[in-house]
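Worksheet for the structure shown next.
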Amino acid sequence: MDDPKDKDEIVTALEQTAQEIKGYFSGLTPQQFYSGTQQHWAPAHHLQHLTPSVRPVALGLKTPKLLLSLLSLGKPVPKHTYAKIRDTYRRALAGGNARATGVFAPRLEGGVYEADRSKVLEGFFKAHTSLVGALDPWGDQSLDEHAMPHPALGQLSVREMLFFSLYHNRHHPQGARMRLG
């Protein structure tokens with residue numbers, strides 16, 4: 001699903017993307033998986049970065065909706081499409097305004113082994129499963145009625161944050177593929 005719109009389409013796209021992530025990263029040789037530096041991320045860095053990026057969205061979905069409403073300070077929540085969120089994020093990246101720092105920056109240092117790949121994949125899938133599970137009680141309309149903060153994009157509706165998560169989960173395997181050539 002390239003341009004999901006409703007909750008069911010978002011969940012389907014998230015699930016498909018998670019399976020693509022598993023297939024791609026599992027299929028790399030150890031040399032390919034770990035080939036990179038902190039400046040030029042290895043596929044392992046890309047995968048490791050996805051986990052802490054998904055966790056706060058899952059946590060936000062588990063936050064009581066009343067609290068999310070209070071955090072948005074009653075501001076109207078815009079309704080942007082997946083393509084608009086994708087393009088806004090790409091512009092932020094191009095402008096240098098979306099750098100991974102703190103907990104979002106991957107840290108694969110020292111000796112790395114094949115078992116580490118399993119742990120990184122397992123961490124991503126735990127976060128992904130938490131995200132999809134936390135989305136379950138949300139109705140489609142409520143995705144536009146509540147907002148969450150994004151560190152680079154500002155206040156986003158829950159639907160927009162899900163669009164971001166989906167694009168972000170697609171973007172990083174693409175980055176890894178480009179790095180490997």
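Throughout, numbering of the chain's residues begins at 1 and tracks the sequence.
- Using a 4.5 Å cut-off on side-chain heavy atoms (C-beta onward), Leu121 and Ser26 make contact.
- When all heavy atoms of Gly36 and His45 are compared, the pair lying nearest together is C-CE1, 4.4 Å.
- In this structure, Asn169 and Phe124 have side chains that are in contact, with non-hydrogen atoms separated by less than 4.5 Å.
- Taking a 6.0 Å sphere around CD of Gln31, one finds it holds 12 or fewer heavy atoms contributed by other residues, nucleotides or ligands.
- Within the structure, the salt bridge (Lys or Arg N to Asp or Glu O under 4.0 Å) test picks out the following pairs touching residues 125-142 (sequence neighbours left out): Asp140-Arg159.
- Between His46 and Gly175 the shortest heavy-atom distance is NE2-C, 3.8 Å.
- Using a 4.5 Å heavy-atom threshold, the side chains of Lys7 and Leu143 count as touching.
- In this structure, Asp2 and Arg170 approach most closely via the heavy-atom pair O-NH1, 3.5 Å.
- Counting all heavy atoms, side chain and backbone alike, Arg117 lies closest to Tyr34 at N-OH, 3.1 Å.
- Qualifying side chain to side chain donor-acceptor pair (under 3.5 Å) partners for Tyr89, counting only residues two or more places apart in sequence or in other chains: none.
- Of the inter-residue distances, the one linking Ser35 atom OG with Leu180 atom CG reads 6.5 Å to the nearest 0.5 angstrom.
- Aromatic ring centroids of His172 and His168 lie under 6.0 Å apart.
- Taken from CD in Gln16 to CG in Leu166, the straight-line distance is 9.5 Å, to the nearest 0.5 Å.
- Across Pro4 and Phe163, no two heavy atoms sit closer than the pair O-CE2, 3.4 Å.
- A heavy-atom distance below 4.5 Å is not found between the side chains of Glu20 and Pro173.
- Under a hydrophobic-cluster definition in which Ile, Leu, Val, Met, Phe, Trp and Tyr are linked whenever side-chain heavy atoms come within less than 4.5 Å, directly or via other members, Tyr82 and Leu93 are assigned to the same cluster.
- Separating the CZ atom in Arg177 from the CG atom in Leu28 is a distance of 8.5 Å, to the nearest 0.5 Å.
- Partners of Asp6 by side chain to side chain donor-acceptor pair (under 3.5 Å), not counting sequence neighbours: none found.
- Remark: side-chain polar atoms of Gln48 are not paired, donor with acceptor, to backbone N or O of Ala44 under 3.5 angstrom.
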Donor-acceptor contacts, no H, no angles, side chain residues 128-135, under 3.5 Å, sequence neighbours left out:
| from | atom 1 | to | atom 2 | distance (Å) |
| --- | --- | --- | --- | --- |
| His128 | NE2 | Glu15 | OE1 | 2.9 |
| Thr129 | OG1 | Phe125 | O | 2.8 |
| Ser130 | OG | Lys62 | NZ | 2.9 |

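- Qualifying side chain to side chain donor-acceptor pair (under 3.5 Å) partners for Gln141, counting only residues two or more places apart in sequence or in other chains: Glu145.
- Legend: residues meeting ring pair (Phe, Tyr, Trp, His ring centres under 6.0 Å) with His150, ordered by chain and number and at least two apart, are Phe164.
- The shortest distance between side-chain heavy atoms of Tyr167 and Ile85 does not fall below 4.5 Å.
- Residues satisfying the salt bridge (Lys or Arg N to Asp or Glu O under 4.0 Å) criterion with Asp8, sequence neighbours excluded, are absent altogether.
- Considering all non-hydrogen atoms of both residues, Phe25 and Ala176 come closest at CE2-CB, 4.2 Å.
- Applying the salt bridge (Lys or Arg N to Asp or Glu O under 4.0 Å) definition to pairs two or more places apart or across chains, those involving residues 81-96 are Asp87-Arg90.
- Distance check: Gln174 CD to Tyr24 OH gives 10.5 Å after rounding to the nearest 0.5 Å.
- Taken to the nearest 0.5 Å, the NE2 atom of His146 stands 5.0 Å off from the CH2 atom of Trp138.
- Taking Thr51 as the reference, nothing meets the side chain to side chain donor-acceptor pair (under 3.5 Å) condition, with sequence neighbours excluded.
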